[in-house]
Protein chains: 2
Amino acid sequence: MNSEQDQFSAIMDGWNSNAGQPVGNCPVRGVLDKISDKWSMLLVMTLASGPKRFNQLRRDIPDISQKMLTQTLRELQRDGMVSRKVYDTKPPAVEYSLTPLGHSIIVPFGHLIRWANDNHPHIDQARAVFDTPSDPA
Amino acid sequence: MNSEQDQFSAIMDGWNSNAGQPVGNCPVRGVLDKISDKWSMLLVMTLASGPKRFNQLRRDIPDISQKMLTQTLRELQRDGMVSRKVYDTKPPAVEYSLTPLGHSIIVPFGHLIRWANDNHPHIDQARAVFDTPSDPA
DNA sequence: CAGAATCCAATGGGATACTG
DNA sequence: CAGTATCCCATTGGATTCTG
């Protein structure tokens, strides 16, 4: 019970320096902003089950465009989350896989996904209530 | 060790039905997309330390515009994460606070923030390496 | 197969002015 | 104080076409 509070405090201490301080240019925000694009998390989770080739990823994520797949893979590669390996065959084969860093983010992602999975009915209900114009008495 | 693997498997089972199935219209994605906007997570974490009034939030998050603060608060309220309480004084006071649902998401957010805090140097380094034009031998 | 390049529509989001 | 309303720009991202 108390250790949970301690853990939370540690998180908040890392989050902002102390009581009510503005969040400002926290380097954490840069990282979270990157994660917050439309496809990064989805791509990481798709690669979590093992290395995949380009068109395999397209099939696994049917609604991603080729442009965004390429672009998001490049960004993840740049951030050291994804490794790109080219087999110089004909036609060429390119295999994408998670680096150790990329693998490590699966854990916090997993927590978030689990939370979303557990609570989306609650959210849907809250929306329905909120969107109810008003209860005419 | 093994229980960690079991937990991961459970996450992935919730994520997609089974081996290599497309992610498609997973309700989890709708929740995660909402979280993935620029301000939601920041606002939730700012409210984590307690209820705050409108202009207090503006001061705590100096770089949010009034438009986005209002808009994000409305969305969080609609999703049942934030509660809005109006004190009909003059001038009016409005207090925002996390609901139990909103409070519950602090935990997975905390894991992500902790990960970002732990790994952003690693990411910065990876970027520097990636952006190095080429090592001229 | 694995992309690069271009065009264009939709959305996000800031600045500013006004209100109860 | 706590918003609403409008304008407008920047970014995101899809569709399409082309290449080694």
Side-chain angles (χ1 to χ4, degrees), chain A residues 20 22-25 29-30 32-44 46-47 50-79 82-97 130, chain B residues 20 22-25 29-44 46-47 50-79 82-97 130 133:
Chain A
V23 182
N25 52 356
R29 281 185 64 181
L32 297 180
D33 280 356
K34 270 227 45 62
I35 286 165
S36 297
D37 68 276
K38 197 174 181 182
W39 301 110
S40 292
M41 181 158 48
L42 196 51
L43 216 43
V44 168
T46 303
L47 284 173
K52 283 184 177 51
R53 291 177 53 185
F54 190 83
N55 281 313
Q56 181 63 44
L57 288 169
R58 296 192 68 172
R59 283 188 294 274
D60 287 355
I61 311 174
D63 54 342
I64 195 172
S65 67
Q66 176 266 328
K67 173 185 174 179
M68 291 317 296
L69 178 54
T70 304
Q71 183 175 311
T72 308
L73 283 170
R74 285 294 169 281
E75 289 167 3
L76 290 173
Q77 187 188 354
R78 185 173 111 97
D79 291 346
V82 159
S83 166
R84 179 177 185 265
K85 187 170 186 180
V86 181
Y87 297 91
D88 207 358
T89 57
K90 176 171 157 313
V94 179
E95 188 185 78
Y96 292 94
S97 58
F130 188 87
Chain B
V23 183
N25 50 358
R29 281 185 62 181
V31 176
L32 297 181
D33 279 356
K34 270 225 48 60
I35 286 165
S36 297
D37 68 275
K38 197 174 181 182
W39 301 111
S40 291
M41 181 159 46
L42 196 52
L43 216 42
V44 168
T46 302
L47 284 173
K52 284 185 176 53
R53 291 175 55 183
F54 190 82
N55 282 313
Q56 180 63 44
L57 289 169
R58 296 193 69 172
R59 282 188 294 274
D60 287 355
I61 310 174
D63 55 341
I64 194 172
S65 66
Q66 176 269 333
K67 174 185 173 180
M68 291 317 295
L69 178 54
T70 304
Q71 183 175 310
T72 308
L73 283 171
R74 285 295 169 280
E75 288 166 5
L76 290 173
Q77 187 188 355
R78 184 174 112 97
D79 291 346
V82 159
S83 167
R84 180 177 184 266
K85 186 170 184 179
V86 181
Y87 297 91
D88 208 357
T89 57
K90 177 171 152 327
V94 179
E95 189 185 76
Y96 292 94
S97 58
F130 189 88

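Atom set for the values below is all heavy atoms of this structure, side chains included, hydrogens, waters and symmetry mates excluded. Bear in mind that the values here come from a model prediction, so they are computed numbers and not experimental data. Naming convention: chains lettered A, B, ... in sequence-line order (proteins, then strands); numbering from 1 in each chain.
Rounded to an integer number of Å, the gap from B:Gln56 CD to D:dC1 P is 11 Å. With rounding to whole Å, A:Asp37 atom CG is found 11 Å from D:dG13 atom C1'. The NZ-P distance, from B:Lys85 to D:dA2, rounds to 15 Å in whole Å. Atom NZ in A:Lys67 sits about 16 Å away from atom C1' in D:dC18, given to the nearest Å. Atom-to-atom, CG of A:Asp63 to P of D:dG14 comes out at 8 Å; the value is rounded to the nearest Å. Taking atom CE on B:Met68 and atom C1' on D:dG3, their separation rounds to 15 Å, with Å as the unit. Straight-line distance from the CG atom of A:Leu69 to the P atom of D:dG14: 11 Å, rounded to whole Å.
Of the candidates D:dG13, D:dA2, D:dC7, D:dA2 carries the atom nearest the B:Phe54 side chain, counting heavy atoms from C-beta on.
Residues satisfying the side-chain hydrogen bond (donor to acceptor under 3.5 Å, both in side chains) criterion with A:Gln77, sequence neighbours excluded, are absent altogether. Every residue two or more places apart in sequence or in another chain that forms a side-chain hydrogen bond (donor to acceptor under 3.5 Å, both in side chains) with B:Thr70 is listed here: B:Gln66. Evaluation of the side-chain hydrogen bond (donor to acceptor under 3.5 Å, both in side chains) rule for B:Gln71 yields no partner, not counting sequence neighbours. In this structure, the side-chain hydrogen bond (donor to acceptor under 3.5 Å, both in side chains) partners of B:Arg84, at least two apart in sequence or on a different chain, are B:Tyr96. Taking B:Pro92 as the reference, nothing meets the side chain to side chain contact (heavy atoms under 4.5 Å, CB included) condition, with sequence neighbours excluded.
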(request) Show your working on side chain to side chain contact (heavy atoms under 4.5 Å, CB included) between B:Leu69 and B:Ile61 and close with a plain yes or no. (result) CA-CA 9 Å; B:Leu69 178 54; B:Ile61 310 174; 5.5 Å; no
(request) Begin with the C-alpha distance, continue with both residues' side-chain angles, and end with the deciding distance and a verdict on salt bridge (Lys or Arg N to Asp or Glu O under 4.0 Å) for A:Arg29 and B:Asp63. (result) CA-CA 12 Å; A:Arg29 281 185 64 181; B:Asp63 55 341; 3.2 Å; yes
(message) Run B:Tyr87 and B:Val94 through side chain to side chain contact (heavy atoms under 4.5 Å, CB included) and show every step you take.
(response) CA-CA 6 Å; B:Tyr87 297 91; B:Val94 179; over 6 Å; no
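Contact annotation for A:Arg58: no contact, since no heavy-atom pair falls under 4.0 Å across all strands.
When all heavy atoms of B:Phe130 and A:Arg78 are compared, the closest pair comes out as CD2-CG, 3.3 Å.
Taking a 4.0 Å limit (strictly below) on heavy-atom distances, residues 88-96 of chain B reaches DNA chain D at B:Pro91, B:Pro92, B:Ala93, B:Val94, B:Tyr96. Of the residues in residues 71-78 of chain A, A:Arg74 come within less than 4.0 Å of DNA chain C through at least one heavy atom, sorted by number.
Using five terminal pairs a side, the axes of the helix from C:dC1-D:dG20 to C:dG20-D:dC1 at its two ends make an angle of 50°, given in steps of 10 degrees.
Here A:Lys85 contributes atom NZ and A:Ser83 contributes atom OG; the two are 8.0 Å apart, rounded to the nearest 0.5 Å. Within the model, atoms OG1 of B:Thr46 and CZ of B:Arg59 stand 13.0 Å from one another, a figure rounded to the nearest 0.5 Å. Atom CG of A:Leu73 sits about 10.5 Å away from atom CE of A:Met68, to the nearest 0.5 Å.
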Give every donor-acceptor pair under 3.5 Å between a side-chain atom in residues 30-43 of chain B and any protein atom, sequence neighbours left out.
unit_1, atom_1, unit_2, atom_2, d
B:Lys34, NZ, B:Glu75, OE1, 3.3
B:Ser36, OG, B:Leu32, O, 2.7
B:Asp37, OD1, B:Ser40, OG, 2.4
B:Asp37, OD2, B:Trp39, N, 3.1
B:Asp37, OD2, B:Ser40, N, 3.2
B:Asp37, OD2, B:Ser40, OG, 3.1

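Salt bridge B:Arg53/B:Asp60: absent, no basic N to carboxylate O contact under 4.0 Å.
Contact footprint of chain B on DNA chain C: nucleotides with an atom under 4.0 Å from a non-hydrogen protein atom, first to last in 5' to 3' order, C:dG13 to C:dG20.
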